[in-house]
Amino acid sequence: MLDLKFIRDNAETVKQAVSNKNAAADVDRILALDEAKRTKQYEFDQVRAQQKIKSKEIGSRKKQGLEVESVMEEVSAMAEAIKQLGAELGEITNELDALLLTVPNLPQEDVPVGGEENNAFIREWCDKREFAFEPREHQEICGDTLDFKRGAKITGSGFPLYRGNAALLERALINYFLDKHVLKHGYTEMKPPFIVNRKTMTGTGQLPKLEEDMYRIETEDFFLIPTAEVPVTNFHAEEILGENDLPVKYCAYTPCFRREAGSYGKETRGLHRVHQFNKVELVQLTCPEDSAEALESITASAEAIVQELRLHYRVMKLATGDLSFASAITYDIEVWAPGAKRYLEVSSISNFKDFQARRASIRYRRNDDNKVDFVHTLNGSGLATPRIFVAVVETWQNEDGSITVPPCLRPYLQNRERLEF
RNA sequence: GGAGAGGUGGCCGAGCAGGUUUAAGGCGUACGCCUGCUAAGCGUAUGUGGGUCAAAAGCUCACCGAGGGUUCGAAUCCCUCCCUCUCCGCCA
């Protein structure tokens with residue numbers, strides 16, 4: 001969430017940002033409520049201060065054996081007024097708090113304005129592989145080791161099963177990602193819960209906006225996580241860290257659950273878009289002045305993996321309309337899938353600045369002046385498996401239907417050089 | 001799921017038959033004094049958030065797990081919920 005004082009002082013900037021992000025947030029209503037709240041708060045404080053003094057007087061008069069009836073009558077009237085003012089203040093506060101949660105983060109200044117078509121190309125890596133035969137799509141290569149039909153029978157569409165060597169490859173990818181980030185990139189591994197409560201989901205900004213896109217457990221009012229970002233970022237919620245504790249670098253493997261009802265067509269076939277998938281997530285909490293660099297660092301860590309897998313990819317900077325609610329700036333890594341003949345998004349790396357930290361109240365104490373300030377939070381996929389699975393299988397496929405195992409994955413697959421499905 | 005005991009500041013911990021608690025005391029931390037050095041000792045300071053203020057200081061309000069309630073007045077009494085611990089039950 002944004003700082004209320006900032007909204008007050010920069011109303012036009014905020015309105016412009018809301019519009020650029022295609023969001024709906026009533027900034028004028030927020031300003032009016034803010035004004036009303038401060039007035040009411042002042043009144044309340046005045047009366048309350050009087051009441052406290054007078055109430056204590058009753059106590060001391062009683063001890064001295066003096067009469068208290070007249071004072072009690074006087075304070076009684078104040079109590080009435082306070083009850084009334086408190087109720088009004090509460091109503092204003094509730095509405096204001098709810099509205100503040102609907103204001104998206106401001107895009108960073110260098111983010112291009114506009115929709116997806118305005119996403120900026122940043123760089124790409126290696127050429128697309130040349131094939132001596134017509135490359136096939138992953139469903140064809142993997143056959144029934146990727147079982148969409150039985151997944152649909154057991155659960156519903158969008159819940160495929162991996163079996164045999166497909167499951168083995170999936171597991172190899174996850175282990176490879178984790179080892180890379182833990183052993184080479186300095187991240188601490190975490191195994192968080194896959195189910196979180198409403199407060200946690202609000203902390204990272206999924207709620208209140210995206211409730212319909214998530215699986216909810218009604219009996220407990222819990223949610224299945226759509227990404228490890230949620231439990232991992234909230235790990236330090238309501239804490240004040242030391243500056244020396246920063247940066248905090250966590251990586252976590254979790255399954256991710258997304259309802260995202262209403263996605264149909266070509267994009268949903270095969271592993272391209274599913275309701276449950278696996279992802280290794282990178283999360284950092286940094287000092288404000290270090291977050292820009294951290295964004296590049298997370299991006300580099302994700303790219304390192306795609307490079308070792310020897311997949312052609314490009315990095316895009318998302319335009320304002322394509323940015324998520326909480327993000328100030330996001331890079332997407334898109335790998336080339338030769339069978340599908342298109343780019344697949346395998347990682348989004350975002351800097352949320354203090355937006356999530358403010359919601360979840362994640363702070364740190366600065367060394368120089370001992371003051372408390374919000375940390376910056378960032379995260380990026382490192383990486384999501386289904387689309388990487390697709391790109392690996394399609395890029396490394398052989399004409400006979402097997403795949404050559406990329407060298408970096410061989411230690412995770414009994415040093416096999418080929419895999420058949 | 002059942003029974004019991006708890007949840008207080010960075011930490012420990014008192015207060016809990018409602019009334020100068022503006023949360024004692026200790027530890028830790030910071031600064032100062034003292035001191036060959038270190039330790040000890042002495043002194044001072046030390047929460048978060050809101051409001052007021054150009055800003056700071058000051059003043060003020062809220063916060064003792066969360067939310068309600070009773071009362072002139074709630075850390076303290078009542079209700080609901082959450083969490084932790086002990087024992088029992090169930091269970092991969």
Side-chain angles (χ1 to χ4, degrees), chain A residues 1-10 30-101 191-203 207 217-223 231 234-246 248 354-375:
Chain A
M1 110 184 109
L2 298 179
D3 182 11
L4 186 52
K5 276 184 195 141
F6 180 87
I7 299 177
R8 195 186 297 156
D9 298 336
N10 302 276
I30 287 171
L31 293 172
L33 286 167
D34 170 43
E35 184 70 41
K37 184 185 169 185
R38 279 149 60 210
T39 308
K40 197 65 76 180
Q41 179 81 54
Y42 183 76
E43 272 183 73
F44 179 90
D45 286 357
Q46 293 297 309
V47 185
R48 180 81 175 129
Q50 279 304 309
Q51 186 204 30
K52 281 171 76 168
I53 293 165
K54 285 286 179 183
S55 286
K56 276 177 188 161
E57 197 181 317
I58 293 173
S60 59
R61 285 178 75 92
K62 269 190 175 172
K63 273 188 184 161
Q64 295 167 43
L66 300 170
E67 69 84 30
V68 292
E69 305 308 318
S70 61
V71 189
M72 270 177 72
E73 213 167 286
E74 196 181 344
V75 186
S76 222
M78 288 180 191
E80 274 304 305
I82 285 168
K83 204 172 175 186
Q84 179 65 29
L85 286 168
E88 289 167 13
L89 186 61
E91 259 177 56
I92 294 170
T93 305
N94 287 342
E95 189 185 346
L96 181 59
D97 289 350
L99 279 181
L100 275 176
L101 290 177
K191 274 265 185 290
F194 303 159
I195 297 175
V196 300
N197 60 31
R198 185 171 285 273
K199 187 175 187 184
T200 297
M201 216 43 116
T202 307
L207 287 178
I217 295 168
E218 207 172 332
T219 46
E220 322 283 350
D221 200 27
F222 287 163
F223 296 84
N234 278 286
F235 182 78
H236 289 295
E238 287 157 66
E239 292 181 12
I240 299 176
L241 304 164
E243 182 170 340
N244 297 338
D245 299 331
L246 302 176
V248 168
D354 62 0
F355 187 83
Q356 292 180 327
R358 218 174 264 286
R359 289 183 160 230
S361 191
I362 310 170
R363 294 170 294 176
Y364 78 106
R365 195 176 295 280
R366 287 197 299 261
N367 285 336
D368 56 356
D369 58 3
N370 225 32
K371 290 273 190 262
V372 172
D373 196 6
F374 290 102
V375 301

*Residues that A/Y364 engages under ring pair (Phe, Tyr, Trp, His ring centres under 6.0 Å), provided they are two or more places apart*: none
*Could you tell me whether A/K199 contacts a base, only the sugar-phosphate backbone, or nothing, with contacts defined as non-hydrogen atoms closer than 4.0 Å?*
nothing
*Sequence neighbours excluded, which residues qualify as side-chain contact (heavy atoms from CB on, under 4.5 Å) partners of A/A98?*
none
*Just call it for A/V372: base, sugar-phosphate, or nothing, with non-hydrogen atoms closer than 4.0 Å on any strand.*
sugar-phosphate
*Mind checking side chain to side chain donor-acceptor pair (under 3.5 Å) for A/T202 and listing every partner two or more places apart, or none if nothing turns up?*
none
Contact list (N/O, under 3.5 angstrom) for nucleotides 6-15 of chain B vs protein:
none

_Strictly by side chain to side chain donor-acceptor pair (under 3.5 Å), give each pair with a member in residues 83-93 of chain A just once, sequence neighbours left out._
A/K40-A/E88, A/Q84-A/E88
*Integer angstrom distance from the P of B/rC33 to that of B/rC27*: 22 Å
*Which part of the nucleic acid does A/R8 contact within heavy-atom distance under 4.0 Å: base, sugar-phosphate only, or nothing?*
sugar-phosphate
Would you tabulate the pairs of protein nitrogen or oxygen atoms and nucleotide nitrogen or oxygen atoms of nucleotides 69-72 of chain B closer than 3.5 angstrom?
| from | atom 1 | to | atom 2 | distance (Å) |
| --- | --- | --- | --- | --- |
| B/rC72 | O2' | A/S55 | OG | 3.3 |

*asked:* Applying side-chain contact (heavy atoms from CB on, under 4.5 Å), can you list everything that pairs with A/D9, at least two apart in sequence or on another chain?
replied: none
*Between A/R363 and B/rU48, does any side-chain N or O lie under 4.0 Å from OP1 or OP2?*
no
_The criterion is side chain to side chain donor-acceptor pair (under 3.5 Å); which residues satisfy it with A/N94, sequence neighbours excluded?_
none
*Can A/R198 and A/E220 be counted as an ion pair, charged N to O under 4.0 angstrom?*
no
_Tell me every residue that passes side chain to side chain donor-acceptor pair (under 3.5 Å) with A/R8, counting only those two or more places apart in sequence or in another chain._
A/D34
*B/S/- contact track for nucleotides 58-68 of chain B, protein heavy atom under 4.0 Å*: --SSS------
*Given the C1' atoms of B/rU48 and B/rU44, what is the spacing between them in whole Å?*
23 Å
*In chain order, what residues pass the side chain to side chain donor-acceptor pair (under 3.5 Å) check against A/T219, with sequence neighbours excluded?*
none
*Using side-chain contact (heavy atoms from CB on, under 4.5 Å) as the criterion, list what pairs up with A/K56, not counting sequence neighbours.*
none
